[in-house]
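In each ligand, atom 1 is the first atom listed, and ligand 1 is the first ligand listed.
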Amino acid sequence: MTARRTHIVGAGIAGLSAALAATVDGGEAVLYEAAPHPGGRCRTLHPADGFDHDNGTHVLFTANGRALDLLKTVGARERWCEPEPKGLPLYDGRTGEMRRVGLSPWSWLLPSRRPQGLTLSDLVRILRLVFAAKDCPVAAIIGKRPIMDSLIEPLTVAVLNTPPEQASAQRLACALRQLIRPGAGRLLVAKNGLSQDLIEPAIATLQARGVPVLTGQRLRNLLIVGGRVIGLSLSDRTIMLGPDDRVILALPPYEVERLLPALPVPTHFEPILNVHYRMKGLDRPRFIGFTGTLAQWALIRESHVSVTVSAADTVVDQNASDVAARIWREIAPALHSLGLDAHPDRQPETRVVKEKRATIRQAAETLPQPPLRPLANLALAGDWIGSLPATIESAVMAGEHAASILHHARGTRATLSKDRALKTEDAA
Ligand SMILES: Cc1cc2nc3c(=O)[nH]c(=O)nc-3n(C[C@H](O)[C@H](O)[C@H](O)COP(=O)(O)OP(=O)(O)OC[C@H]3O[C@@H](n4cnc5c(N)ncnc54)[C@H](O)[C@@H]3O)c2cc1C
């Protein structure tokens with residue numbers, strides 16, 4: 001009898017999540033990844049000069065239950081910490097003032113944790129946003145009010161990576177409904193880095209379950225016969241599937257479109273720009289928000305400071321050194337006030353990472369979505385699938401869902417006559 005195997009293509013968060021789900025009860029899986037390392041858009045870069053940093057800062061909230069469950073499964077929950085338990089420090093670049101803001105509305109009961117300018121009528125608008133029945137841009141509900149600058153815009157670009165003038169109110173509402181639960185709005189970051197605190201523990205867990213992780217293996221083509229996948233044409237080999245084998249494509253939408261051109265997929269993306277300054281930081285991570293500046297967030301680590309600019313369409317094509325210099329001048333006073341040796345005129349060694357297709361554009365419009373199981377034995381996963389914001393949480397959910405769909409689906413098995421035409425090679 002041939003073993004049933006799940007072939008997962010793409011070792012980003014969705015692929016790792018699918019592989020963990022497919023092997024939870026002893027199932028067999030193989031993971032194929034085009035890049036030299038797993039992690040996809042959520043990874044640590046290790047340049048030759050030793051300046052290790054993440055591609056870009058990733059935060060989780062305590063509301064992200066599936067992502068936190070995955071961390072527990074791979075023994076890495078304790079590696080994620082809450083850098084600002086007393087509320088997020090927000091630095092206003094126009095006034096030079098730093099104040100703390102609570103991310104959960106419950107914390108706003110304390111005046112010292114309230115977003116600047118919050119009024120009763122803002123609370124009504126926020127409630128309209130949270131329970132938006134029809135989709136429209138976030139800005140159409142909130143309007144041009146101080147709260148847009150001090151809370152809604154930073155939150156919208158952080159969660160949806162899309163400017164509030166375009167961003168989908170309903171998608172943001174999905175996240176806000178989770179965040180308003182008591183205890184759900186605590187912000188977490190990886191203590192050391194994304195690879196060390198998420199990707200490597202996930203890979204170690206998979207390897208302990210006997211899952212081969214084959215890097216440098218780009219899926220070039222799917223071999224399809226009679227509505228099911230019979231083979232995978234990879235960078236240096238072709239894998240013929242067994243009659244019970246299944247495939248999960250945990251890929252970005254443009255790769256799904258290339259492999260299965262008939263499927264409708266989202267085609268618009270938004271960039272995120274990250275600037276990393278190599279300098280002595282602090283013993284434990286700190287996290288600051290910025291308003292009135294190009295910089296939006298800064299994560300302070302022991303050996304560097306990482307700055308994020310989401311929805312970075314207007315700056316991503318500008319000269320990287322100019323952008324980094326401008327951001328350094330903006331953030332140096334805030335870093336100095338936290339005790340770092342930072343001066344606007346002394347910019348440290350800098351790295352700029354431009355993720356041009358960081359996420360899909362999550363505008364207030366119906367995004368094209370393919371069927372989740374477009375072929376009898378193939379399911380799709382990825383952060384862009386479904387109506388939740390495209391984040392680690394949605395990637396984890398999509399991976400688990402794809403594994404579950406194939407596990408429960410009828411008709412994934414090849415018929416006997418087709419079986420005879422198949423040849424099974426050992427993928428590992
Ligand atoms: C700078 C930045 C900051 C972010 N910040 C946050 C944050 O704060 N919080 C949060 O929750 N989310 C954040 N995100 C989003 C988060 O990174 C993504 O939602 C998540 O990583 C998506 O995972 P995925 O597996 O769906 O896709 P991907 O990570 O894109 O994984 C797809 C994988 O498939 C591989 N691949 C592609 N084509 C092929 C092929 N033909 N054959 C084999 N392999 C292939 C790719 O190399 C990749 O490894 C951020 C993203 C970026 C870029």
Side-chain angles (χ1 to χ4, degrees), residues 7-19 30-45 53-61 63-64 66-68 70 80 155 157-161 175 187-190 194 198-199 202-203 213-222 232-235 247-260 269-276 287 296-297 299 306-312 316 352-360 362 380-386 388-400 402:
H7 301 260
I8 298 156
V9 187
I13 301 292
L16 295 172
S17 156
V30 190
L31 205 45
Y32 308 94
E33 166 57 48
H37 303 287
R41 280 171 280 155
C42 181
R43 69 195 186 283
T44 304
L45 307 178
H53 53 77
D54 292 339
N55 61 326
T57 300
H58 282 59
V59 303
L60 288 175
F61 289 97
N64 297 150
R66 304 287 268 275
L68 297 188
L70 184 144
W80 286 67
L155 198 65
V157 294
V159 175
L160 295 185
N161 189 29
L187 180 147
L188 307 172
V189 296
L194 294 169
L198 169 52
I199 305 303
I203 293 292
V213 180
L214 307 184
T215 53
Q217 290 297 334
R218 180 166 188 262
L219 176 62
R220 291 185 304 170
N221 283 305
L222 290 163
L232 306 175
S233 162
L234 295 155
S235 292
V247 177
I248 294 176
L249 295 187
L251 300 174
Y254 46 87
E255 276 295 285
V256 171
E257 186 180 36
R258 180 181 68 77
L259 293 159
L260 296 165
F269 299 86
E270 285 284 340
I272 299 182
L273 182 112
N274 301 274
V275 189
H276 307 274
F287 196 79
Q296 291 160 355
W297 311 102
L299 172 64
S306 298
V307 174
T308 304
V309 183
S310 297
V316 78
V352 176
V353 181
K354 296 177 175 180
E355 293 275 13
K356 291 209 171 181
R357 292 188 282 196
T359 66
I360 53 167
Q362 299 168 80
L380 301 175
D383 65 341
W384 53 278
I385 289 180
L388 292 176
T391 58
I392 293 177
E393 179 78 353
S394 66
V396 170
M397 289 172 75
E400 290 172 351

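- Nearest-residue assignment for atom 3 (C) of ligand 1 (options His58, Lys354, Lys356; heavy-atom criterion): His58.
- Residue Gly15 has no N or O atom closer than 3.5 Å to an N or O atom of ligand 1.
- Using modelled atom types, one side-chain atom of His58 and one backbone atom of Gly56 make a donor-acceptor pair closer than 3.5 Å.
- For ligand 1 and Ala14, the ligand atoms under 4.0 Å from any heavy atom of the residue are 24 (P), 25 (O), 26 (O).
- For ligand 1, the atoms closer than 4.0 angstrom to any heavy atom of Ile392 are 10 (C), 11 (O), 12 (N), 19 (O).
- Under the 3.5 Å distance criterion, the side-chain polar atoms of Asn64 are left unmatched by any main-chain donor or acceptor of Glu393.
- In terms of modelled atom types and a separation under 3.5 Å, the side chain of Glu355 and the main chain of Ile272 share no donor-acceptor contact.
- The N/O atoms of Leu259, backbone and side chain alike, include none that comes under 3.5 Å of an N/O atom in ligand 1.
- The side chain of Ile272, and not its backbone, has at least one atom closer than 4.0 Å to an atom of ligand 1 (non-hydrogen atoms only; side chain from C-beta on).
- Numbered from 1 in the order shown, with element, the atoms of ligand 1 that lie under 4.0 Å from a heavy atom of Gly12 read 25 (O), 29 (O), 31 (O), 33 (C), 49 (O).
- Side chain of Gln217 to main chain of Leu234: no donor-acceptor pair is present (N/O by atom type, distance under 3.5 Å, no hydrogens or angles).
- Leu31 and Gly10 make their closest contact through CD1-O, 3.8 Å (heavy atoms, listed as atom of the first residue, atom of the second, distance).
- Considering backbone and side-chain atoms alike, Arg41 places an N or O below 3.5 Å from some N or O of ligand 1.
- Note that OG of Ser17 is 12.0 Å distant from CG of Asp383, once rounded to the nearest 0.5 Å.
- At a heavy-atom cutoff of 4.0 Å, ligand 1 is contacted by both the backbone and the side chain of Arg218.
- Within the 4.0 Å heavy-atom criterion, the part of Ala395 lying near ligand 1 is the side chain and not the backbone.
- With values rounded to the nearest 0.5 angstrom, Leu198 atom CG is found 4.0 Å from Ile13 atom CD1.
- Checked by distance only, ligand 1 and Glu33 come closer than 3.5 Å through their nitrogen or oxygen atoms.
- Rounded to the nearest 0.5 angstrom, His37 NE2 and Thr44 OG1 are separated by 10.5 Å.
- Close approach of ligand 1 to Asp383 (heavy-atom distance below 4.0 Å) involves ligand atoms 18 (C), 19 (O), 22 (C), 26 (O).
- For ligand 1, none of its N or O atoms has an N or O atom of Glu355 under 3.5 Å away.
- Salt-bridge annotation for Arg66 and Glu400: present, with a side-chain N of the basic residue lying under 4.0 Å from a carboxylate O of the acidic one.
- Panel note: side chain Asn161, backbone Glu270; a donor-acceptor pair is recorded below 3.5 Å.
- Protein heavy atom at the shortest distance from atom 42 (N) of ligand 1 is Leu219 N, 2.8 Å.
- Atom OG of Ser233 is separated from atom CG of Leu259 by 10.0 Å, given to the nearest 0.5 angstrom.
- For Thr57, the closest heavy-atom approach to ligand 1 falls below 4.0 Å.
- Scanning all heavy atoms of the two residues, the minimum distance from Ala190 to Trp80 falls at N-CE3, 3.4 Å.
- A donor-acceptor contact shorter than 3.5 Å is absent between the side chain of Trp297 and the backbone of Ser306.
- In this structure Arg357 satisfies the salt bridge (charged side-chain N to carboxylate O under 4.0 Å, His left out) test with no other residue, sequence neighbours excluded.
- A distance-only check finds no donor-acceptor pair linking the side chain of Glu33 to the backbone of Val213 [under 3.5 Å].
- Counting the atoms of ligand 1 from 1 in the order shown, those under 4.0 Å from a heavy atom of Cys42 are 21 (O).
- Using bins of under 30°, 30° to 60° and over 60° for the plane-to-plane angle, the ring pair His53/His276 lands in the parallel bin.
- In the candidate list Ala250, Gly40, Gly10, Ser310, Ala250 is nearest to atom 32 (C) of ligand 1, counting heavy atoms.
- Close contacts between ligand 1 and Gly382 involve ligand atoms 26 (O) [criterion: under 4.0 Å to a heavy atom].
- Leu251 CD2, 3.4 Å is the protein heavy atom nearest to atom 39 (C) of ligand 1.
- In terms of polar-atom proximity, defined here as any N/O pair under 3.5 Å, Val9 makes no such contact with ligand 1.
- The ligand atoms of ligand 1 that sit less than 4.0 angstrom from a heavy atom of Asn274 are 1 (C).
- With a 4.0 Å cut-off on non-hydrogen atoms, Gln217 touches ligand 1 through its backbone and not its side chain.
- When the options Leu273, Val59, Leu214 are ranked by their closest heavy atom to atom 8 (O) of ligand 1, first place goes to Val59.
- When non-hydrogen atoms are compared, ligand 1 lies under 4.0 Å from neither the backbone nor the side chain of Thr308.
- In terms of polar-atom proximity, defined here as any N/O pair under 3.5 Å, Ala34 does make such a contact with ligand 1.
- In this structure, Arg258 has a heavy atom closer than 4.0 Å to ligand 1.
- Remark: minimum distance from atom 53 (C) of ligand 1 to any protein heavy atom is reached at Ala358 CB, 3.6 Å.
- Of the heavy atoms in Glu255, only side-chain atoms (C-beta onward) come closer than 4.0 Å to ligand 1.
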